[in-house]
Number of protein chains: 2
Amino acid sequence: MTEDRSLPLRERKRLRTRRALADTALRMFSEKGFEATTLDELVDAVEVSKSTFFRAFPAKEAVAIEAEAELWSAYLAALRERRFSGLVLGELRDALAGAAAALGPGWDERYLATRRLVLTAPALLAYVEHHRTGVEREVVACLAAKLGLDPDDLRLHVLAELTTTAWSVSGRDWVRRDGEGGRAALIRRLEGAFQAVPAALHLSAGD
Amino acid sequence: MTEDRSLPLRERKRLRTRRALADTALRMFSEKGFEATTLDELVDAVEVSKSTFFRAFPAKEAVAIEAEAELWSAYLAALRERRFSGLVLGELRDALAGAAAALGPGWDERYLATRRLVLTAPALLAYVEHHRTGVEREVVACLAAKLGLDPDDLRLHVLAELTTTAWSVSGRDWVRRDGEGGRAALIRRLEGAFQAVPAALHLSAGD
DNA sequence: ATTCAAACGAGACTGAGTGTCATTATGGCC
DNA sequence: GGCCATAATGACACTCAGTCTCGTTTGAAT
């Protein structure tokens, strides 16, 4: 995880400054607050120029949620190379759980810090929502291709959203308990959440 | 719709500038593009100050999606004063359909223009997503209170999201067909979408 | 008419994000 | 090892959204 020896030198350097930015940002934002920390302070601390920052990240918000982005990027990769059989919802659940399990060590702490940070900055919350919607779009496109369905098929959108929602709610609980039990506990929560999904449709107001 | 005679004069004036801003913004953004139109140009055209703009709207994006905001605001109001019985999903569907049906005349055209605009500006898309997530939060809170459930109950989140997703997909189709059939057609599409929801869970990859 | 509060206008100010251009570092090739 | 094309970088000016302050206006109530 520290370094990928096979990559060209240039790429390794790029990734190194990228990680330096993400790590420093997470620390500074957590200490001083997201809005109170300016980009100038961040790039100063990492000793790169603002230009370099915007070549690595599209927005100030993006550098704060690297851990979140890594998860969804791994999830998408897992989905794309997966062979589907049986219930699609189950496949999505397994792809997400597998992706989370396979992330590098130390991801847990970074993700916990990220989620905590998101709770303190409305702009970050909006950005995470937006990011997840983008993921859902790609999931729908991927499923449509694999299953030979229309990308506008409502069922695909529902399935894609159910998955991110299950993650979101599971993660919220996990963070509330300070990430107790680490990543394994988070994934267990996720699988529990998926079991509860079908019950939603039959929920009835029977006082 | 033009004016509510019972309100205090001050409030009427506020609403008038608000509408003027929203209408002019929708026109200018549609003509010149969202990003190409600056706030200064907008407030200049309406002859108010930038201060006044930000007292009426929290962001440049917000003024562009007034029609969208009106819908969800009416939906929330309908939900809150509704008595629930039977399947919750059906109640949500009826509340949303009813709210859409009850909006003032001319809303159709404004909403159509809004959705078209959103397709051209990524920032607007992000803002709409964010706005809808806020609505879902309030729906969850409302349902939790009415049904005596935990606001973290996954089923509530699922139900809230299904509703906005059904609307979103229905609306996309409707816009693609240039709003043919007006609001009635949009609502018919919405109800069709709801019927297709349960099928999502059982979707299976059976090639 | 007077008074009070709330909305308004004007303008300075912060900071994110973009565009340009000169400089520097890298990788491929002789 | 030296050389060249090219891509990343840094420095800097610029635009514009959004905030803040403060003095002025306007509607409402007595």
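Everything numeric in this text was worked out from a predicted model, so none of it was measured. Residue numbers begin at 1 in each chain, while the letters A, B, ... track the order of the sequences.
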- For the side chain of A:Ser73 and the backbone of A:Ala69, is there at least one donor-acceptor N/O pair under 3.5 Å apart? no

- Message: Could you check whether B:Arg132 and B:Ser168, counting side-chain N and O atoms only, form a donor-acceptor pair closer than 3.5 Å?
- Response: yes

- Message: From the set C:dT18, C:dG9, D:dT19, return the single nucleotide nearest to any side-chain atom of B:Phe54.
- Response: D:dT19

- State plainly whether the residues A:Glu129 and B:Arg137 are in salt-bridge range, i.e. N to O under 4.0 Å. yes

Are any protein N/O atoms closer than 3.5 Å to N/O atoms in nucleotides 27-30 of chain D? If there are, list each pair with its distance.
residue : atom : partner : partner atom : Å
D:dG27  : OP1  : B:Lys13 : NZ           : 2.9
D:dG27  : N3   : B:Arg10 : NH2          : 3.4
D:dA28  : OP1  : B:Leu9  : N            : 3.0
D:dA28  : OP1  : B:Arg10 : N            : 3.4

- Nearest whole angstrom, please: distance from the C1' of D:dC12 to the CZ of A:Phe53. 19 Å

- Item | Between P of D:dA17 and CD of B:Glu41, the distance in whole Å | 9 Å

- Would you kindly give the CG-to-P distance between A:Asp44 and D:dT9, to the nearest whole Å? 17 Å

- Partners passing salt bridge (charged side-chain N to carboxylate O under 4.0 Å, His left out) against B:Glu66 (at least two apart in sequence or in another chain): B:Arg18

- Task: Going by the salt bridge (Lys or Arg N to Asp or Glu O under 4.0 Å) test, name the single residue among A:Lys32, A:Lys60, A:Lys50 that passes it with A:Glu41.
- Result: A:Lys32

- Query: What class does the angle between the rings of A:Tyr75 and A:Trp72 fall in, given that below 30° is parallel, 30 to 60° is tilted and above 60° is perpendicular?
  - Reply: perpendicular

- Item | Matching residue for A:Phe29 among A:Val63, A:Thr24, A:Thr114 - test: side chain to side chain contact (heavy atoms under 4.5 Å, CB included) | A:Val63

- Report the distance from atom CG of B:Leu42 to atom C1' of D:dC16, rounded to the nearest whole Å. 14 Å

- Query: More than 12 non-hydrogen atoms from neighbouring residues, nucleotides or ligands closer than 6.0 Å to CD on A:Gln195, yes or no?
  - Reply: no

Show each protein N/O and nucleotides 10-14 of chain C N/O combination with a separation under 3.5 Å, one pair to a line.
residue : atom : partner : partner atom : Å
C:dA10  : N6   : B:Ser51 : OG           : 3.1

